[in-house]
Asker: 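Below: one structure in structure tokens.
Along the sequence shown, the residues carry numbers beginning at 1. Just so we're clear, the structure is a prediction, and the values are computed from it rather than from any experiment. We use all heavy atoms of the structure for the numbers below, so side chains are in, but hydrogens, waters and symmetry mates are not.
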Amino acid sequence: MAHPLRAAAAERLRSELAGLAPVIVYDPDPSGPRSTLRTAKAAWSAVTSGATHHLVLQDDAEPCPGFGALLTEAVSRHPETPLCLFAEWGSTTATTVRWAAMAGAGVAQCVDTYVPTVGMVLPAGLVEGLVTFMSGCELDEPDDVAMLAYLTGIGRPAFVTVPNLLEHDRQQSLMGHGLAMGRRYASCPAHEGDRVGQGSLRAPELVPAQSWGKGRAVCVEWDSRHARRTGAVPTRGVLQVAGLRHHGLVEALAALLADGDGLRLEHTLGYGLLHEVWMNAVALGRLAPEPIAPGDAHRPLARRALAGAAPGSLRTLVPETGEDWTGSALLRLVEEGVALGLAARPSAGPGHVTQPC
């Protein structure tokens with residue numbers, strides 16, 4: 001799906017994915033008010049008769065190496081699941097992606113207030129209902145919000161592939177999102193040789209995240225029965241209830257910031273933001289669902305996913321974070337926090353429980 005102003009990007013996509021025989025669907029009213037819903041409805045309406053699934057890519061999608069093979073693998077292993085192919089690194093869904101990368105699961109449940117529609121595959125049987133649903137929406141309703149409402153209404157929650165099969169290009173969005181939201185990279189970018197696993201990771205009742213708008217560490221409250229968010233609470237309080245006292249966590253952070261890289265990191269980003277990065281990382285470990293084990297955070301795919309946790313959350317506050325030496329320094333901080341949180345879980349077993357006090 002594309003706007004005529006982005007025709008060059010759309011043509012590039014068609015050329016790159018020639019093996020899939022893609023068709024470009026342009027905004028049917030390009031001179032009208034900007035509306036992703038209008039173009040999305042047209043794109044989803046273009047499902048081929050007899051198809052088992054329908055893929056829609058936005059014109060700012062960048063497919064990974066081996067996209068066609070990975071897409072086929074994802075659909076064959078999760079044929080009944082609405083599949084998103086991208087979740088940005090600072091979203092709440094990025095947390096479930098990181099958990100899935102640790103667990104070796106192939107897909108992770110989407111838990112944001114929208115369904116990421118940069119690239120998405122639906123079973124063909126769901127498409128007609130989606131088009132009908134979109135026909136009843138207001139024109140200014142974002143297509144990703146409409147998608148969430150539709151899938152929630154029919155009880156078919158969306159999941160994102162792990163790794164993500166798409167990256168988000170760096171051109172400015174016609175909707176102006178890049179100005180307010182900053183860089184939106186993949187939460188777990190695919191590399192050559194990756195596979196999409198069989199398992200599915202469903203969200204637990206609390207999903208930690210760090211707000212990319214304010215930098216605060218919060219835990220999203222998730223209603224798994226109805227697949228919806230019901231609120232958010234400060235992460236510090238959640239960890240306190242879980243047995244991780246704030247004083248002990250602050251001491252652990254201070255020790256990490258006491259060496260050369262730590263001092264430099266604090267001087268560059270400030271203690272306040274690093275404190276929230278640390279709280280979020282510890283919670284990512286402490287609240288990780290079973291059967292994730294302490295060693296799972298060292299999987300190559302998990303490390304790749306964890307590398308974007310801090311830069312994704314700080315992207316509007318310190319825009320170039322992660323592009324230089326800060327990337328490795330922040331990854332170390334995040335990995336240490338996740339390790340502390342994983343070791344503090346009751347299921348970690350006798351002798352492996354760490355409870356700062």
Asker: Quick one: sort the W89 and Y185 rings into parallel, tilted or perpendicular, breaks at 30° and 60°.
Answerer: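 Judged by the thresholds at 30° and 60°, the geometry between W89 and Y185 is tilted.
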Asker: Assess the residue pair R332 and E335 against the criterion (salt bridge (Lys or Arg N to Asp or Glu O under 4.0 Å)); give the C-alpha distance rounded to whole Å, side-chain angles, the decisive distance to 0.1 Å, and a yes or no.
Answerer: CA-CA 5 Å; R332 175 195 170 209; E335 288 184 320; over 6 Å; no
Asker: Kindly determine whether N280 and V334 satisfy side-chain contact (heavy atoms from CB on, under 4.5 Å), including the steps that lead there.
Answerer: CA-CA 8 Å; N280 185 54; V334 168; over 6 Å; no
Asker: If every non-hydrogen atom of A227 is compared with every non-hydrogen atom of T152, which pair is closest and at what distance?
Answerer: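 In terms of heavy atoms, the two residues are closest at O-OG1, 4.2 Å.
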Asker: Determine the sole option in L55, L83, V196, L17 for which the side chain to side chain contact (heavy atoms under 4.5 Å, CB included) test with L71 is passed.
Answerer: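 Testing L71 for a side chain to side chain contact (heavy atoms under 4.5 Å, CB included) against L55, L83, V196, L17 leaves exactly one candidate, L55.
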Asker: Please report the interatomic distance OG1(T95) to CG(L284), rounded to the nearest 0.5 Å.
Answerer: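 T95 OG1 to L284 CG: 5.0 Å, rounded to 0.5 Å.
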Asker: Working to the nearest 0.5 angstrom, can you tell me the gap between L151 CG and T81 OG1?
Answerer: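 OG1 of T81 is found 11.0 Å from CG of L151.
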Asker: Apply the test side-chain contact (heavy atoms from CB on, under 4.5 Å) to residues R345 and E290: give CA-CA distance (whole Å), side-chain angles for both, the deciding distance (0.1 Å), then the verdict.
Answerer: CA-CA 10 Å; R345 295 186 308 167; E290 299 291 350; 4.2 Å; yes
Asker: So which heavy atom on C64 is nearest to which on L70, and how close?
Answerer: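 Minimum heavy-atom separation between C64 and L70: SG-CD1, 3.7 Å.
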Asker: Measure the shortest side-chain to side-chain distance between V277 and S313 over non-hydrogen atoms and say whether it is less than 4.5 angstrom.
Answerer: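 Of all side-chain heavy-atom pairs linking S313 with V277, none is under 4.5 Å.
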Asker: State, to 0.1 Å, how close D261 and W325 come at their nearest heavy-atom pair, and which atoms those are.
Answerer: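 Shortest heavy-atom contact: O-CZ3, 4.2 Å.
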Asker: What heavy-atom pair brings A103 and L201 nearest, and what distance separates the two atoms?
Answerer: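 Closest heavy-atom pair between A103 and L201: CB-CD1, 4.4 Å.
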Asker: Keeping to residues at least two apart or across chains, list the salt bridge (Lys or Arg N to Asp or Glu O under 4.0 Å) pairs with something in residues 94-113.
Answerer: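 Those involving residues 94-113 are D112-R229.
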Asker: Side chains of Q58 and T117: donor-acceptor distance under 3.5 Å anywhere?
Answerer: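 Present: a donor and an acceptor within the cut-off.
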Asker: So how far is it from L314 CG to L273 CG, rounded to the nearest 0.5 Å?
Answerer: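 L314 CG to L273 CG: 5.5 Å, rounded to 0.5 Å.
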Asker: Please examine the side chains of C110 and C84, heavy atoms only from C-beta on, and report whether any two atoms are closer than 4.5 Å.
Answerer: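 C84 vs C110: side chains touch.
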Asker: For H78 together with H53, are the ring centres under 6.0 Å from each other?
Answerer: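 No - the distance between ring centres of H53 and H78 does not fall below the 6.0 Å cut-off.
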Asker: Roughly how far apart are D144 CG and M120 CE, rounded to 0.5 Å?
Answerer: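 Rounded to the nearest 0.5 Å, the CG-CE separation comes out at 10.0 Å.
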Asker: Is the closest side-chain heavy-atom distance between V118 and R184 below 4.5 Å?
Answerer: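 No, every pair of side-chain atoms sits at 4.5 Å or beyond.
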Asker: Side chains of residues 122-142: which donor-acceptor partners sit under 3.5 Å, not counting sequence neighbours?
Answerer:
{"from": "T132", "atom 1": "OG1", "to": "E128", "atom 2": "O", "distance (Å)": "3.1"}
{"from": "S135", "atom 1": "OG", "to": "K41", "atom 2": "NZ", "distance (Å)": "3.0"}
{"from": "S135", "atom 1": "OG", "to": "V131", "atom 2": "O", "distance (Å)": "2.9"}

Asker: Calculate, to the nearest 0.5 Å, the distance between atoms CG and OG belonging to L317 and S211 respectively.
Answerer: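 So the gap between those two atoms works out to 7.5 Å.
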Asker: Nearest 0.5 Å, what's the CG-CZ distance between N164 and R304?
Answerer: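 Here the interatomic distance stands at 10.0 Å.
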Asker: Using side-chain contact (heavy atoms from CB on, under 4.5 Å), reason through T39 and H3 one step at a time and then give a plain yes or no.
Answerer: CA-CA 8 Å; T39 312; H3 190 279; over 6 Å; no
Asker: List the steps, then state whether side-chain contact (heavy atoms from CB on, under 4.5 Å) holds for M279 with R216.
Answerer: CA-CA 9 Å; M279 292 291 110; R216 294 180 183 175; over 6 Å; no
Asker: Which residue pairs pass the ring-ring contact (aromatic ring centres under 6.0 Å, His included) test with at least one member in residues 12-52, sequence neighbours excluded?
Answerer: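 Pairs touching residues 12-52 that pass the test: W44-H54.
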Asker: Please answer: with hydrophobic residues joined when any side-chain heavy atoms are less than 4.5 Å apart, are L165 and L301 in the same cluster?
Answerer: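 Per the 4.5 Å side-chain linkage, L165 and L301 are not co-clustered.
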Asker: Please give me the minimum heavy-atom distance between A43 and V25, naming the atom from each residue.
Answerer: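 In this case the closest contact between A43 and V25 is N-CG1, 3.7 Å.
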Asker: Which atom pair, heavy atoms only, marks the closest approach of G312 to W212?
Answerer: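 Shortest heavy-atom separation between G312 and W212 comes out as O-CB, 3.8 Å.
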